[in-house]
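Just below is one structure, and these are the notes that go with it.
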Amino acid sequence: MFKLNKVAKVSAAACAAVAIFWAGYEALRPTYKGNVGVTQGKAYAYARQSHVSFDIWYPARPGGKVVTVGGNGVFIGTPAGRKAPRREGRFPLVVISHGAGGNAGQFGWIASALAENGFVVVLPNHPGTTSGNASAEAAVRVWERPQDVTAVLDHMADHQEEFSYIDFDKIAVVGFSAGGYTALAVSGARVDPDRLQGFCDAGDHGMSDCAFLRRFGIDLHQMDLTPAAQDLHDARIKAGVIVDPGIISMITEQSLENIQIPLFVINLGTKESVPLGVHALAASGVIPNAEHLFVPDATHFSFLAECTERGADILKNEGELDPLCADAGGRGRSEIHEELARMIVAYLDRTLGSSELYVAAAGSD
């Protein structure tokens with residue numbers, strides 16, 4: 001799942017040719033007629049001493065150019081409007097954290113649904129655990145990911161004139177897999193480093209994580225994991241949706257008991273089929289204001305974008321360890337996404353509440 005960047009050297013003449021081609025290509029794109037806009041940004045993360053890039057999805061009006069976000073040979077992308085005019089008003093903010101080896105583009109389906117329903121959505125690409133920029137060693141440094149979320153929120157808060165359309169009193173987080181841990185961490189959960197060091201001692205937890213670490217020669221007992229114990233809570237987060245959270249059994253019970261915000265914890269599968277490594281029913285019972293739900297027709301990877309017809313074959317030929325295109329049967333991934341989107345939108349609307357300014361703007365149409 002993890003692939004390293006390849007650096008391409010391109011001559012100045014070739015760059016100029018590409019720029020001319022791209023300008024023409026952009027001019028020929030059709031005008032966007034929907035109501036979801038997309039743009040990009042970056043924030044400086046002091047913990048990394050580098051920038052974190054992020055996508056922004058926002059409520060929009062028709063205009064700008066049609067783009068497809070996140071599409072490739074394996075995954076189907078999501079349409080949006082580049083430079084689409086923003087809808088008037090201020091909107092609650094949702095930060096979405098992707099899984100290890102994933103990327104922001106894989107979650108256009110839920111980002112688009114949230115933006116359509118009056119939320120601004122920010123999706124950071126976590127350095128070291130993002131497609132094209134990933135390593136096994138970086139994946140173990142789980143404490144860096146929550147600091148990415150805080151860095152993005154700091155950046156946006158420091159540039160409120162640029163982000164005047166965001167209601168900074170209403171911020172939620174959504175996380176999947178390693179992103180589920182990330183969302184829990186900024187909500188107040190803390191990792192026990194000793195447990196994390198022994199994560200692979202008793203088996204693979206029904207996931208491919210330990211096989212992946214062995215493949216790249218990572219021995220958790222030889223790593224300094226004490227930073228995992230630090231408090232990474234961000235008090236600006238007011239609610240969260242946690243989907244199949246990674247290293248859930250490594251989190252201390254005391255920190256779960258101390259989480260004060262409402263959380264919606266989703267496991268993709270049945271009580272019996274959800275892998276132990278992400279099974280969150282017991283943890284949900286410890287969190288004071290948590291709701292838990294199993295989605296029986298789903299598998300762990302049902303939260304990713306829909307796959308193309310050739311997606312599974314491409315992954316097989318590349319030697320991918322995980323069945324990224326597999327669902328549990330009974331329903332297609334698009335139907336699963338529709339249900340998940342409805343539930344997540346409804347939960348965040350209930351826990352955050354719609355922005356009064358947004359309601360006023362929407363009612364003026």
Side-chain angles (χ1 to χ4, degrees), residues 1 96-102 106-107 109-110 139 142 145 173-185 187 189 191-192 195-196 198-213 240-253 255-256 259 262-287 289-307 312 315 320-344 347:
M1 188 185 297
I96 297 180
S97 178
H98 64 75
Q106 293 174 335
F107 301 99
W109 65 271
I110 184 61
V142 295
R145 299 171 120 262
V173 63
V174 175
F176 163 69
S177 198
Y181 153 75
T182 305
L184 280 170
S187 302
V191 169
D192 181 334
R195 290 192 212 170
L196 184 59
F199 179 70
C200 293
D201 291 355
D204 62 5
H205 308 273
M207 306 287 286
S208 65
D209 299 341
C210 293
F212 171 73
L213 295 178
V241 177
I242 315 297
V243 184
D244 274 8
I247 63 170
I248 185 63
S249 61
M250 309 295 109
I251 295 174
T252 69
E253 288 76 7
S255 70
L256 293 175
I259 292 177
L263 296 179
F264 183 22
V265 183
I266 300 173
N267 271 140
L268 301 170
T270 65
K271 183 177 181 180
E272 295 74 26
S273 68
V274 171
L276 182 61
V278 296
H279 206 299
L281 179 60
S284 301
V286 178
I287 301 169
N289 193 12
E291 303 175 27
H292 182 275
L293 175 74
F294 288 107
V295 182
D297 290 339
T299 69
H300 181 65
F301 300 105
S302 296
F303 206 73
L304 300 179
E306 290 182 70
C307 287
L315 291 171
E320 171 58 52
L321 296 174
D322 291 310
L324 304 187
C325 294
D327 301 300
R331 287 188 298 172
R333 188 166 293 187
S334 62
E335 291 183 68
I336 295 170
H337 283 178
E338 288 175 7
E339 179 188 12
L340 288 169
R342 283 195 302 270
M343 292 189 298
I344 291 170
Y347 182 81

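The structure displayed is predicted, hence computed values, not measured ones.
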| task | With sequence neighbours excluded, give me every salt bridge (Lys or Arg N to Asp or Glu O under 4.0 Å) pair touching residues 290-299. | result |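 Sorted result for residues 290-299: Glu291-Arg350, Asp297-Arg331.
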The criterion is salt bridge (Lys or Arg N to Asp or Glu O under 4.0 Å); which residues satisfy it with [X], sequence neighbours excluded?
X: Glu253; value: Arg195
X: Asp204; value: none
X: Arg333; value: Asp327
X: Glu335; value: none

| request: State whether the side chain of Asp244 and the backbone N or O of Gly180 hold a donor-acceptor pair below 3.5 Å, judged by distance alone. | output: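 It does not hold such a pair.
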| field | Whether His205 side chain and Phe199 backbone form a donor-acceptor pair below 3.5 Å | value |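 Side chain of His205 to backbone of Phe199: a pair is present.
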Residues in side chain to side chain donor-acceptor pair (under 3.5 Å) contact with [X], at least two apart in sequence or another chain:
X: Ser255; answer: Thr252
X: Asp209; answer: none
X: His337; answer: none

| field | Nearest-0.5 Å distance, CD1 of residue Ile344 to CD1 of residue Ile110 | value | 4.0 Å
| Ring centres of His98 and Phe303 under 6.0 Å apart? | no
To check you understand the geometry: which heavy-atom pair defines the closest contact between [X] and [Y], and what is its length?
X: Ala280; Y: Val265; answer: CB-CG1, 3.6 Å
X: Gly206; Y: Pro275; answer: O-CB, 3.7 Å
X: Val142; Y: Tyr181; answer: O-CE2, 3.3 Å
X: Cys325; Y: Leu315; answer: SG-CD1, 3.8 Å
X: Ala298; Y: Ala328; answer: O-CB, 3.7 Å
X: Ala189; Y: Leu256; answer: CB-CD2, 4.2 Å

| Asn267/His279 under side-chain contact (heavy atoms from CB on, under 4.5 Å): CA gap, chis, key distance, verdict | CA-CA 7 Å; Asn267 271 140; His279 206 299; 4.2 Å; yes
Using the test side-chain contact (heavy atoms from CB on, under 4.5 Å), find all partners of [X] that sit at least two apart in sequence or belong to another chain.
X: Thr270; answer: Glu272, Ser273, Pro296
X: Ala183; answer: Val173, Ile242
X: Ser177; answer: His300
X: Ser249; answer: none

